[in-house]
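Structure, as structure tokens:
Not measured: the values here are computed from a predicted model.
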Amino acid sequence: RAMRRHRHWAAVGAWLVCAGGWIAVYSLPDEYRASARIFVDTQSLIGPVFQGLALSDNVSAQVEAVSRALLTRPNLEAVARETDLDLRAETAFEMEELITSLQKNIKVSANRERDVFDISFEDVDREKAREVVAAIVDAFVENSLEGQGDDAQMTARALEAELRNHENRLLESEARLAQFKKENLGYMPDDRGDYYTRLQAALAAVDTTTEEIRQLEGRRDELRRQIAGEEPVFGIMSSTPGSGAAIGCSQQAQIAALEAELAQLEVEFTDKHPRIVILKETIESLRQKCAVERDAAIAAGLQPTGVAAQPLETNPVYQNLRIQLSDSEVELASLRAQLATYRNVEARLRGDVVKIAQVETDLKKLDRDYGVIQEPYQELLGRMETLRSKQRLDPMTDTIQFRTLEPPFAAAEPVGPNRP
């Protein structure tokens, strides 16, 4: 009821407030926006040259950093002095407010996909806004170009420091690896494999050799049974005067064969022929052996049957079996020696299982650490070489090229304030 009773006064008050507000709104100065658009060409001549290599300039990040650097107070103070905006500030406090206003009203936006940067600024003076944008564009380009050489030098110094660090770490890792191998000589894995591979190979060698010995022993026993059923010679065992044949002489057939060969050679050559000399020495040696066997047979109670005109005829089957048995015995001795060696290897591996397993684990860790250091070191070497090539090619082309798509321009129509 009170509002209804005093509605006339309320209407008068509302009209007074509206009239004052309208006057204030229309008295606000017009605001003009100036803007410019810049294209940053990062795909210049040097870009394709180093495409796909480990090192490339992060141009977008560099330009973005420059855009942020433009909004620092020293740069904005230089822009204010260049465009005479500083004349609006009569005191230090007003100058601070002017710089703060510039930081707030200058906009730098970037289209990352197209490498396009938009710079805009709003001011009550249309021409002054255009001058500010022009000064910002000039500072933007100058600061970006000035940073290229410094960036390459700083990158080179950083890479050199990182290379020295990795090289020192690599040398330390190599020294640790060499010392470890020296301290654990004999426990290191070799071309035969690691511990378990070598143990498995030793076990397999023991089994294989044992089986070969078993088969060879069976063959030897069979030869012994066959020899027991054969006679070593045919006829009565006797000696021939002057022939060197003795009772039980097992070399009689060999002596006869050598004498036949000697007789044939004596027809063709002289007594000084090397083969004739060797045959005579061999025959004499065999006759001495026959004499020893004869003496042994006589001492055992065997008596010659008289003087026979013919030598004993050796049984070839018996001699062949004796030769095979001798070969089997030699092969058995060799296999037993190999088996003893394999068993020693197996016993040593089983006895050192804890030590060898620990050594191999530590070696793998050292190798892994060495590889972790070596891989980035090689990559850094590649980056350094790429940077040096880039520095040699820099005089021929710029890494960053700028092109103004839209020069600084301020529209005649104001953009503010929004009076309606």
Heavy-atom check, side chain of Leu339 versus side chain of Ile213, under 4.5 Å: yes

Min side-chain heavy-atom separation Leu170-His166 under 4.5 Å: no

Side chain to side chain, Glu406 and Asp118, heavy atoms closer than 4.5 Å: no

Side chain proximity check, Leu363 to Leu177, heavy atoms < 4.5 angstrom: yes

Glu217 bridged to Arg336 by N-O distance under 4.0 Å: yes

Derivation and outcome, salt bridge (Lys or Arg N to Asp or Glu O under 4.0 Å), residues Asp369 and Lys365: CA-CA 6 Å; Asp369 295 342; Lys365 182 177 182 301; 3.3 Å; yes

Non-hydrogen side-chain atoms of Glu122 and Lys104 separated by less than 4.5 Å: no

Heavy-atom donor-acceptor pair, Ser328 side chain to Gln324 backbone, under 3.5 Å: yes

Side-chain heavy-atom pair Leu102, Glu77 within 4.5 angstrom cut-off: no

Sub-4.5 Å side-chain heavy-atom contact between Leu163 and Tyr377: yes

Residues Glu127, Arg130: salt bridge by 4.0 Å N-O rule: yes

Asp125 side chain reached by Arg88 side chain, heavy atoms, under 4.5 Å: yes

Pairing of Arg224 and Glu329 as salt bridge, 4.0 angstrom limit: yes

side-chain contact (heavy atoms from CB on, under 4.5 Å) partner of Tyr370, chosen from Glu174, Glu375, Arg169: Glu174

